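Below is one structure, written out as structure tokens; comments come after it.
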Amino acid sequence: MFLSVFDVFKIGIGPSSSHTMGPMSAANRFLDLILSDDWPRPAHASVAAIKVSLHGSLAHTGIGHGTGRAVILGLMGERPDLVDPDSMDTIIDTVERTGRITPAGHPPYAFQPKTDLAFDKKVPLPGHANGMSFSAFDRDGRLLLKRIYYSIGGGFVVTDTELEAMRAAKNKPGGVKVPYPFATAQQMLDMAARSGLTIAQMKRANEECTMSREELDAGLDRIWAAMKSCIDRGLSQDGIMPGGLKVRRRARSIHDKLQEEWRSNKTNPLLANDWLSVYAMAVNEENAAGGRVVTSPTNGAAGVVPATIRYYMHFHDDADQEGIRDYLLTAAAIGGIIKHNASISGAEVGCQGEVGSASAMAAAGLAAVMGGTPEQIENAAEIALEHHLGMTCDPVAGLVQVPCIERNALGAVKAVTAASLALKGDGKHFVPLDACIETMRQTGVDMNEKYKETSTGGLAVNVVEC
């Protein structure tokens, strides 16, 4: 089982990896398919119009998550890692005004967002809660091509047939051949014991099967630079976040107060927690505003990992760039195990799979750069994940704001606490990380759909939207 660090950490835009980045990528894939020879194109037929329908969680919370906007941007050829957030409104306004999409390299296609982009809350697609259907028609309205895509969390997108193949091959060897192919935490620990390597070193060896050391380091540095930039921008902005809830940004004002305390040398026993919280909130306020973020492992949980890295840089004298690389490699190893054996999708298992996974990844990364053994690192991840078990995904109005922003702050605090507890032990503990991950999977299966990113239960129905 090999999931690259660059699959776990992907640069994109907010507010949701599964509801924004995923649908945009699905639209990109459908455009590429239209130009390819991978479908039985009728003689003399050409695509003149495109229609899209969103299903399941994408339909229920798609408006609040910006899913419709993402589909339009994707059909215009924009990609999550390259689109300019400042140009998005103009692009969407053009499509709505003209009723056409004009992606580069394609002829214009008819697409009226009000009629050709459907939010179907009644008919879920069978493969996953985040399903969508793209259809292409000729000038006479005849269906030429149809594809179903699923956004399975963290920006990952697969077709219905790819999803079936993934599930069939889940426990079968395949893909990239790597020297340390751990699919579980226990396998990871066994391989570390036999090799004498750290988790980061094993993950690095796996990554270097497909790229050079220089390429890997440059990619890791690029990920951290994007995370740091997101924090810095979030700390510099204020005002009301979009979406209608009139939730005000708070990170800048909290940061200003912390700076005053720092300069005045006032005693603050909660100082570390306060800095952690404001870093995480800065990221998720940027995410809520549709800014540039990094999936960690999702957008909804994007603040936990950057906050704990910034904490490491802020409070640890020996912190350096090499430490950040080891942190990201270790965190990605844990994230890959969780994704392989359970889920990182709020629509599939609730927020335990998003903030819970992020907290486990952050705890592992922090424990690693603070000198933890593989056993202590695994213990840190387990502590953090265990205390997120059962957490629902119930965003008010379908927006990634309440309770998501503060939830990231608390996830970061839990991650640091988990790492500290684990480092004070010898790595031996009662509940293995693998058992905790399986418990999360089972809990997600048992969880009522209204608590899985549909905004039909929990805080989403008990808080007045005003």
Side-chain angles (χ1 to χ4, degrees), residues 12-21 61 64-66 85 227-258 270 273-311 344 346 350-359 361-362 384 388 391-416 451 453 455 458-460 462-466:
I13 58 167
S16 172
S17 49
S18 59
H19 288 58
T20 310
M21 289 173 59
T61 63
H65 283 63
M227 290 179 172
K228 182 177 181 298
S229 177
C230 184
I231 293 174
D232 291 341
R233 180 169 171 78
L235 293 176
S236 71
Q237 303 295 307
D238 52 21
I240 303 296
M241 286 178 286
L245 287 183
K246 300 181 181 179
V247 175
R248 182 174 293 277
R249 286 181 183 247
R250 290 179 288 161
R252 179 175 178 175
S253 63
I254 295 173
H255 179 257
D256 290 346
K257 292 175 183 177
L258 288 173
L270 297 177
N273 282 359
D274 288 344
W275 281 107
L276 267 171
S277 297
V278 76
Y279 291 147
M281 290 173 67
V283 171
N284 284 86
E285 287 177 357
E286 272 298 288
N287 180 63
R292 178 80 64 208
V293 297
V294 179
T295 62
S296 313
T298 66
N299 282 26
V304 179
V305 165
T308 50
I309 296 179
R310 190 71 167 256
Y311 162 87
I344 58 171
C351 198
Q352 59 175 350
E354 296 208 24
V355 172
S357 296
S359 188
M361 292 163 58
H388 284 89
M391 181 175 282
T392 60
C393 183
D394 52 352
V396 177
L399 298 169
V400 193
Q401 297 179 15
V402 180
C404 318
I405 294 170
E406 289 179 354
R407 199 169 272 178
N408 274 259
L410 273 293
V413 171
K414 285 185 181 181
V416 172
Y451 299 119
E453 210 167 358
S455 289
L459 285 176
N462 286 297
V463 176
V464 178
E465 298 173 18
C466 62

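Keep in mind that what you see is a predicted model, and the values were worked out from it rather than measured.
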Short side-chain to backbone donor-acceptor contact, H19 and P15, under 3.5 Å: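 Here the side-chain-to-backbone pair does not exist.
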Under the salt bridge (Lys or Arg N to Asp or Glu O under 4.0 Å) test, which residues partner R250, sequence neighbours left out?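 Applying salt bridge (Lys or Arg N to Asp or Glu O under 4.0 Å) to R250 gives E406.
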Can you name the salt bridge (Lys or Arg N to Asp or Glu O under 4.0 Å) partners of E286, sequence neighbours left out?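 Per chain and number, E286 pairs via salt bridge (Lys or Arg N to Asp or Glu O under 4.0 Å) with R233, R249.
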Apply side-chain hydrogen bond (donor to acceptor under 3.5 Å, both in side chains) to [X] and list each qualifying residue two or more places apart in sequence or on a separate chain.
{"X": "D256", "value": "none"}
{"X": "R292", "value": "none"}
{"X": "E354", "value": "T298"}
{"X": "R310", "value": "D232"}

Contact list for residues 391-402, test salt bridge (Lys or Arg N to Asp or Glu O under 4.0 Å), sequence neighbours left out: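 Non-adjacent pairs meeting salt bridge (Lys or Arg N to Asp or Glu O under 4.0 Å): D394-R407.
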For [X], give me all partners under side-chain contact (heavy atoms from CB on, under 4.5 Å), at least two apart in sequence or on another chain.
{"X": "S455", "answer": "T61, P395, A460"}
{"X": "V402", "answer": "V247, V396"}
{"X": "P242", "answer": "A289"}

Is there side-chain contact between R252 and L235, with heavy atoms separated by less than 4.5 Å?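 No, every pair of side-chain atoms sits at 4.5 Å or beyond.
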Within residues 279-310 or reaching into it, pairs that qualify as ring-ring contact (aromatic ring centres under 6.0 Å, His included) - sequence neighbours excluded: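 Residue pairs with at least one partner in residues 279-310: W275-Y279.
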Result block: side-chain N/O donor-acceptor pairs under 3.5 angstrom for residues 302-309, not counting sequence neighbours:
from, atom 1, to, atom 2, distance (Å)
T308, OG1, V304, O, 3.1
T308, OG1, V305, O, 2.9
T308, OG1, Y327, OH, 2.4

